[in-house]
Amino acid sequence: MPLWLRVGRQGFRVTTTSLSHTRGLLTRRSVVEFTFGPGRLDSRIAKRLLEDTANYGGKLGLRIEKSQTIKSLEVAGMELRPDAKLSRELHRTLGAGPREKWVGFPLLGNRALLGPGFKTVLKITFRPRTKLAFQLVPIVVTFGHQDFTQHYVLGVSVLKTGKPHVDSFIEVVSGR
């Protein structure tokens with residue numbers, strides 16, 4: 001049974017810890033955490049989610065501009081590599097605009113993904129048109145052996161240069 005049928009609320013928080021921008025390459029260091037609840041994730045579901053994530057890992061997708069390139073992505077100490085088949089699955093399932101593309105990454109099994117927070121480092125080409133410009137990057141994650149048609153957790157990253165940093169939190173409420 002897809003997880004979303006059992007979870008009343010789920011959230012995805014991205015907290016920026018540092019930004020640097022040099023010669024068109026943006027490096028964004030963040031801490032990411034997932035939230036479930038409040039108090040609605042029973043122990044059996046939590047155990048299954050933890051086991052699936054530890055055994056199967058999951059899938060991660062970012063929707064970026066076609067002209068952009070993700071130079072590297074590190075999640076919870078794992079250097080991720082893009083996967084063309086997963087990128088096509090994301091595009092087929094979630095769609096993209098004519099100037100956008102999905103980049104999909106398989107996640108190896110890692111319990112840290114469901115812990116109190118884990119570090120990420122994204123290096124991406126970014127050429128803002130003005131000094132104050134920013135870009136929203138949708139992020140989707142699914143855990144265990146589920147695919148994106150069954151369930152995904154939705155987040156957003158904000159690409160920009162300089163300060164202030166932009167943090168984001170999205171909470172999805174099921175059953176309303």
Side-chain angles (χ1 to χ4, degrees), residues 3-4 7-22 24-38 40-41 49 53 57-80 82 86-87 90-91 93-97 99-105 107 110 112-143 146 148 151-176:
L3 177 67
W4 66 269
V7 179
R9 291 178 177 270
Q10 52 190 318
F12 187 114
R13 181 181 316 274
V14 180
T15 305
T16 305
T17 57
S18 74
L19 284 172
S20 64
H21 187 253
T22 307
L25 183 68
L26 179 70
T27 301
R28 185 178 199 272
R29 296 177 188 279
S30 306
V31 174
V32 172
E33 62 185 303
F34 298 103
T35 61
F36 301 96
R40 298 193 54 185
L41 187 61
L49 181 58
T53 303
K59 301 173 187 176
L60 169 84
L62 291 92
R63 193 177 71 201
I64 61 175
E65 293 178 3
K66 277 190 177 177
S67 63
Q68 289 180 296
T69 303
I70 295 176
K71 297 294 189 178
S72 67
L73 178 60
E74 184 180 311
V75 173
M78 299 178 286
E79 185 71 31
L80 304 184
L86 181 53
S87 298
L90 283 156
H91 185 83
T93 305
L94 302 172
R99 289 188 233 139
E100 300 173 320
K101 66 182 176 185
W102 280 99
V103 182
F105 299 89
L107 295 169
N110 190 335
L113 297 172
L114 295 175
F118 54 87
K119 295 178 181 179
T120 66
V121 181
L122 171 65
K123 293 184 180 183
I124 185 171
T125 56
F126 182 63
R127 291 180 176 82
R129 290 176 181 87
T130 69
K131 196 173 186 178
L132 298 175
F134 64 92
Q135 177 185 344
L136 300 178
V137 175
I139 304 169
V140 292
V141 179
T142 189
F143 296 109
Q146 297 186 79
F148 289 103
H151 171 262
Y152 57 87
V153 181
L154 173 65
V156 68
S157 183
V158 180
L159 304 182
K160 64 175 287 316
T161 60
K163 292 189 178 189
H165 294 165
V166 178
D167 300 331
S168 62
F169 177 69
I170 291 181
E171 184 175 62
V172 176
V173 181
S174 300
R176 281 196 181 173

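Nothing fancy with the numbering, it's 1 onward along the sequence.
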*Nearest-0.5 Å distance, NZ of residue K101 to NE2 of residue H91*: 12.5 Å
*So how far is it from T15 OG1 to H165 NE2, rounded to the nearest 0.5 Å?*
11.5 Å
_Going by the rule side-chain hydrogen bond (donor to acceptor under 3.5 Å, both in side chains), which residues pair with Q68 if we only count those two or more places apart in sequence or in a different chain?_
Q135
*How long is the gap from CD1 on I64 to OG on S157, to the nearest 0.5 Å?*
11.5 Å
*For E33 and G117, which heavy atoms make the closest approach, and how far apart are they?*
CB-CA, 4.1 Å
*For the atom pair CZ (R13) and CD1 (I170), what is the distance rounded to the nearest 0.5 Å?*
11.5 Å
Indicate every side-chain donor-acceptor pair of residues 121-133 with a distance under 3.5 Å to a residue at least two apart or in another chain.
residue, atom, partner, partner atom, Å
T125, OG1, T69, N, 2.8
T130, OG1, A133, N, 3.3

*Would you call F12 and L154 a side-chain contact if the rule is heavy atoms closer than 4.5 Å?*
no
*I139 side chain near L60 side chain, heavy-atom distance below 4.5 Å*: yes
*Are the side chain of T142 and the backbone N or O of K59 linked by a donor-acceptor pair below 3.5 Å?*
no
_Gap between atom CZ of F143 and atom CG of L107 - 0.5 Å precision_ = 7.5 Å
*asked:* If I take atom CZ from residue R99 and atom OG from residue S67, how far apart are they, to the nearest 0.5 angstrom?
replied: 10.0 Å
*Heavy-atom pair of closest approach, residues V140 and W102*: CG2-CZ3, 3.8 Å
*Check whether more than 12 heavy atoms from other residues, nucleotides or ligands sit under 6.0 Å from atom CZ of F134, and answer yes or no.*
no
*Verify the distance criterion only: is there a donor paired with an acceptor across the side chains of S30 and R28 at less than 3.5 Å?*
yes
*Check whether any side-chain heavy atom of Y152 sits under 4.5 Å from a side-chain heavy atom of T93, and report yes or no.*
no
*Do L73 and L62 have side-chain heavy atoms sitting under 4.5 Å apart?*
yes
*Under the 3.5 angstrom rule, does the side chain of T16 hit a backbone N or O of V166 as a donor-acceptor pair?*
yes
*Using a 4.5 Å cut-off on heavy atoms from C-beta on, say whether the side chain of F105 contacts that of V75.*
no
*Please report the shortest heavy-atom distance between R63 and G95, naming the atom on each side.*
CD-O, 4.1 Å
